[in-house]
**Q** 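Could you have a look at this structure, given as structure tokens, before my questions?
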Amino acid sequence: MAADTNRFFRVRVTAITDLTPSFRRFTFAGDDLAHYGDPGFDQRIKIVFPTRAVPLAAMPTGDDWYTAWRALPEAERPPFRTYTTRYVRNDVNEVDVDMVSHDVLGPASDWIARAAIGDEVLIFAPTTAHTGVSYGIDFVPPARVDSILLAGDETAAPAIAAILEQLPAEATGVVALEVPHADDIAYLPHHPGFEYRVGARDAAGRHSHLIASVTEAAAALAPAGRGADVEEVDIDHDILWEVPRTAKGGAALKSARLYAWLAGEAGAIKSLRRHLVAERGVDRRAVAFMGYWRVGRAEN
Ligand SMILES: Cc1cc2nc3c(=O)[nH]c(=O)nc-3n(C[C@H](O)[C@H](O)[C@H](O)COP(=O)(O)OP(=O)(O)OC[C@H]3O[C@@H](n4cnc5c(N)ncnc54)[C@H](O)[C@@H]3O)c2cc1C
């Protein structure tokens with residue numbers, strides 16, 4: 001029988017580290033994490049959280065787990081949310097996930113606020129049997145790019161950090177990031193080829209630093225081109241997500257002046273994408289955009 005390329009791992013918290021005011025690192029251990037796959041960059045994972053009402057044991061984990069999960073009455077479904085693998089240490093059966101501790105508004109934020117050593121979750125992730133293209137990675141730049149723009153809010157910071165650590169030293173670009181507190185700016189690792197436009201959320205409101213810094217970066221990195229129409233996505237009902245790829249999963253372009261990767265709150269990402277593609281004229285095949293969450297709307 002073929003080995004599973006994605007599956008659930010049952011893990012327990014072995015360390016909780018407050019890296020900055022908003023970023024809390026959870027180190028998870030599990031007997032079979034030697035088989036947890038790490039295809040790289042912004043590899044996304046699903047984490048199933050136990051709640052006071054629904055234990056982890058209620059989660060269907062077989063091959064067709066999603067259909068079985070959907071078939072459960074809503075009140076009996078264990079909730080899961082999407083996160084990013086930060087570090088994998090297969091040799092010692094450990095995985096780190098960095099989670100934003102924000103107001104308790106849903107099952108993940110509730111768990112993050114009260115989790116303790118020994119608490120268990122399930123992580124759905126690639127296994128080490130996974131080879132080839134990972135569709136859980138959304139950072140798919142052309143082979144030749146002059147500059148890379150990595151932009152987002154705090155939920156995108158773990159993915160941006162992983163991407164920066166894995167890019168070669170000669171890569172160049174700009175990081176435009178908005179975080180809740182000034183002390184969160186220290187979260188990102190240094191990359192010698194990147195300029196950092198990282199700022200704290202200010203009185204001007206959510207997204208104002210992010211939108212201003214992306215607008216400035218785009219003006220510096222992308223020559224003004226002919227804007228292309230972008231279709232409007234209803235972000236309160238549909239998912240805002242486009243990762244340009246070939247049919248085989250590779251980058252949609254062989255080369256580009258600028259490759260932009262944008263992730264975070266869907267309203268902000270929608271505005272940024274419109275600015276880059278419709279106003280600035282950046283080739284849409286060189287812009288990946290992902291609505292990671294939406295104000296006022298739970299993930300599922
Ligand atoms: C591919 C991908 C990768 C992600 N990686 C990470 C990661 O590595 N680390 C990380 O911390 N997050 C990450 N996120 C974001 C995370 O999945 C969401 O923030 C998630 O909705 C939190 O779940 P919740 O149960 O707290 O809230 P939900 O039940 O989903 O939502 C309840 C309410 O909380 C609000 N809400 C959700 N997130 C936030 C927030 N960050 N700040 C303020 N209000 C919020 C919603 O608008 C809603 O009103 C990622 C998302 C995606 C799609």
Side-chain angles (χ1 to χ4, degrees), residues 6 16-28 38-54 74 77-88 95-115 121 123-126 134-140 150-165 177-181 184 187-189 200-201 205-207 210 235-243 261-270 288-300:
N6 287 276
I16 303 172
T17 314
D18 281 325
L19 303 170
T20 70
S22 303
F23 295 104
R24 183 165 291 174
R25 173 162 299 166
F26 288 93
T27 300
F28 295 105
D38 186 16
F41 290 134
D42 54 338
Q43 175 66 54
R44 74 184 114 93
I45 53 175
K46 300 281 180 203
I47 301 188
V48 184
F49 297 99
T51 67
R52 292 175 179 87
V54 189
E74 215 164 298
R77 289 180 194 161
F80 58 86
R81 295 290 183 267
T82 311
Y83 283 84
T84 309
T85 295
R86 190 68 182 88
Y87 292 112
V88 182
V95 168
D96 292 337
V97 181
D98 293 351
M99 303 191 192
V100 176
S101 65
H102 58 92
D103 292 345
V104 173
L105 296 164
S109 39
D110 182 45
W111 186 89
I112 292 164
R114 59 188 175 79
V121 295
I123 302 182
F124 187 76
S134 170
Y135 284 88
I137 294 177
D138 298 304
F139 179 77
V140 192
L150 299 171
D153 64 15
E154 62 271 30
T155 60
I160 292 175
I163 292 168
L164 287 169
E165 283 172 349
L177 179 73
E178 180 175 302
V179 287
H181 301 283
D184 294 326
Y187 172 76
L188 284 185
R201 193 155 295 139
R206 191 179 272 282
H207 309 147
L210 177 60
I235 51 178
D236 289 317
H237 296 99
D238 299 322
I239 291 174
L240 181 77
W241 204 279
E242 188 174 285
V243 177
W261 178 103
L262 319 167
E265 199 282 320
I269 299 308
K270 183 176 166 173
F289 60 94
M290 286 76 64
Y292 268 17
W293 63 286
R294 173 72 183 129
V295 166
R297 190 180 161 200
E299 184 181 324
N300 55 43

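In each ligand, atom 1 is the first atom listed, and ligand 1 is the first ligand listed.
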**Q** Determine the sole option in Thr17, Asp18, Asp98 for which the side chain to side chain donor-acceptor pair (under 3.5 Å) test with Arg25 is passed.
**A**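 Testing each of Thr17, Asp18, Asp98 against Arg25, the sole residue satisfying side chain to side chain donor-acceptor pair (under 3.5 Å) is Asp98.
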
**Q** Provide the number and element of each atom of ligand 1 under 4.0 Å from a heavy atom of Arg294.
**A**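 In order of numbering, the contacting atoms are 46 (C), 47 (O).
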
**Q** Which residue and non-hydrogen atom of the protein lie closest to atom 39 (C) of ligand 1, and at what distance in Å?
**A**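 Going atom by atom, the protein heavy atom closest to atom 39 (C) of ligand 1 ends up being His102 CE1, 3.3 Å.
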
**Q** Counting heavy atoms only, which of Val104, Asp103, Thr82 comes nearest to atom 13 (C) of ligand 1?
**A**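 Going through Val104, Asp103, Thr82 one by one, Thr82 has the nearest heavy atom to atom 13 (C) of ligand 1.
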
**Q** Would you call Arg297 and Asp236 a salt bridge, taking side-chain N to carboxylate O under 4.0 Å as the test?
**A**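 Salt bridge flag = no for Asp236 with Arg297.
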
**Q** If we set the cut-off at 4.0 Å for heavy atoms, which region of Glu299 has an atom near ligand 1: side chain, backbone, both, or neither?
**A**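 Both the backbone and the side chain of Glu299 come within reach of ligand 1.
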
**Q** Parallel, tilted or perpendicular: which fits the ring planes of Phe26 and Trp111, with parallel below 30° and perpendicular above 60°?
**A**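 Correct class here is tilted.
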
**Q** Quick test: of every protein heavy atom, which one is nearest to atom 11 (O) of ligand 1, and how far off is it to 0.1 Å?
**A**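 Checked against all protein heavy atoms, atom 11 (O) of ligand 1 sits closest to Val100 N, 2.7 Å.
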
**Q** Hey, which of Arg201, His102, His181 is the one that makes side chain to side chain donor-acceptor pair (under 3.5 Å) with Glu154?
**A**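 Exactly one option meets the side chain to side chain donor-acceptor pair (under 3.5 Å) with Glu154, and it is Arg201.
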
**Q** Please report the closest heavy-atom contact between Ala125 and Ile45, naming both atoms and the distance.
**A**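 Between these two residues, the closest heavy atoms are CB-CG2, 3.7 Å.
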
**Q** Could you pull out, from Asp98, Thr155, Ile112, the option with a heavy atom nearest to atom 41 (N) of ligand 1?
**A**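 That would be Thr155.
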
**Q** Starting from atom 5 (N) of ligand 1, which protein heavy atom do you reach first, and at what distance in Å?
**A**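 Looking only at protein heavy atoms, the one closest to atom 5 (N) of ligand 1 is Thr84 OG1, 2.9 Å.
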
**Q** Hey, does Phe80 sit under 4.0 Å from ligand 1 if you only count heavy atoms?
**A**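 For ligand 1, residue contact (heavy atoms, under 4.0 Å) with Phe80 is absent.
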
**Q** To check your reading of the model: name the closest protein heavy atom to atom 25 (O) of ligand 1, its residue, and the distance in Å.
**A**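 Answer, as residue, atom name and distance: Ala108 N, 2.8 Å.
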
**Q** Does any N or O in the side chain of Asp96 come within less than 3.5 Å of the main-chain N or O of Tyr87, such that one atom is a donor and the other an acceptor?
**A**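 No; judged by distance alone, with no hydrogens or angles, the pair does not exist.
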
**Q** Looking at Leu188 and Ala157, what are the two nearest heavy atoms and their distance?
**A**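 Smallest heavy-atom distance, with atoms named: CD2-O, 3.8 Å.
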
**Q** Identify the closest protein heavy atom to atom 28 (P) of ligand 1: which residue and atom is it, and at what distance?
**A**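 Protein heavy atom at minimum distance: Arg81 NE, 3.5 Å.
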
**Q** Do any N/O atoms on Leu105 end up under 3.5 angstrom from N/O atoms on ligand 1?
**A**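 No; every N/O pair is 3.5 Å or more apart.
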
**Q** With atoms numbered from 1 as shown, which atoms in ligand 1 lie under 4.0 angstrom from a non-hydrogen atom of Pro107?
**A**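 In order of numbering, the contacting atoms are 25 (O), 29 (O).
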
**Q** Among all protein heavy atoms, pick the one closest to atom 22 (C) of ligand 1 and tell me residue, atom and distance.
**A**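 Closest protein heavy atom to atom 22 (C) of ligand 1: Tyr83 OH, 3.7 Å.
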
**Q** Identify, by atom number and element, the atoms of ligand 1 in contact range of Pro158, meaning under 4.0 Å from any of its heavy atoms.
**A**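 This gives 7 (C), 8 (O), 9 (N) as the contact atoms.
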
**Q** Taking Thr82's backbone N and O only, do any of them form a donor-acceptor pair with Glu299's side chain (distance below 3.5 Å, no angle check)?
**A**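 Answer holds: yes.
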
**Q** Tell me which one of Tyr292, Trp293, Trp111 gets a heavy atom nearest to atom 1 (C) of ligand 1.
**A**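 Comparing heavy atoms across Tyr292, Trp293, Trp111, the nearest one to atom 1 (C) of ligand 1 lies in Tyr292.
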
**Q** Out of all atoms in ligand 1, which are within 4.0 Å of some heavy atom of Val295? Include the element for each.
**A**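 Here the atoms of ligand 1 in question are 47 (O).
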
**Q** Have a look at ligand 1 and work out which part of Arg297, if any, has a heavy atom under 4.0 Å from it: side chain, backbone, both or neither.
**A**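 Within the 4.0 Å criterion, Arg297 contacts ligand 1 through backbone atoms alone.
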
**Q** Going by the atom numbers of ligand 1, which of them fall below 4.0 Å from some non-hydrogen atom of Ser109?
**A**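 Ligand 1 atoms under the 4.0 Å threshold to Ser109: 24 (P), 25 (O), 26 (O).
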
**Q** Under a 4.0 angstrom heavy-atom cut-off, which atoms of ligand 1 come close to Met99?
**A**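 That gives atoms 11 (O) of ligand 1.
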
**Q** Give a yes or no on whether the backbone of Val88 and the side-chain of Asp38 come within a donor-acceptor separation of less than 3.5 Å.
**A**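 No, the answer is negative, given that no donor and acceptor are paired below the 3.5 Å cut-off.
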
**Q** Show the atoms of ligand 1 that are less than 4.0 angstrom away from any heavy atom in Arg44.
**A**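 Heavy-atom distances to Arg44 below 4.0 Å select 1 (C).
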
**Q** Find all atoms of ligand 1 within a distance of less than 4.0 Å from any non-hydrogen atom belonging to Gly106, and give their numbers and elements.
**A**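 Close to Gly106: 24 (P), 25 (O), 27 (O), 29 (O).
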
**Q** Among all protein heavy atoms in this structure, tell me which lies nearest to atom 31 (O) of ligand 1, with the distance rounded to 0.1 Å.
**A**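 Its nearest protein heavy-atom neighbour is Ala298 CA, 3.4 Å.
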
**Q** Is the CG atom of Leu19 crowded by more than 12 outside heavy atoms at less than 6.0 Å?
**A**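 Atom CG in Leu19 is crowded, with more than 12 foreign heavy atoms closer than 6.0 Å.
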
**Q** Atom OG1 in Thr155, atom OH in Tyr83: separation rounded to 0.5 Å?
**A**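 Thr155 OG1 to Tyr83 OH: 9.0 Å, rounded to 0.5 Å.
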
**Q** Which pair of non-hydrogen atoms, one from Phe41 and one from Ile163, has the smallest distance, and what is that distance?
**A**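 Shortest heavy-atom contact: CD2-CA, 3.9 Å.
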
**Q** What are the two closest heavy atoms between Ile47 and Met99, and how far apart are they?
**A**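 Between these two residues, the closest heavy atoms are CD1-CE, 3.6 Å.
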
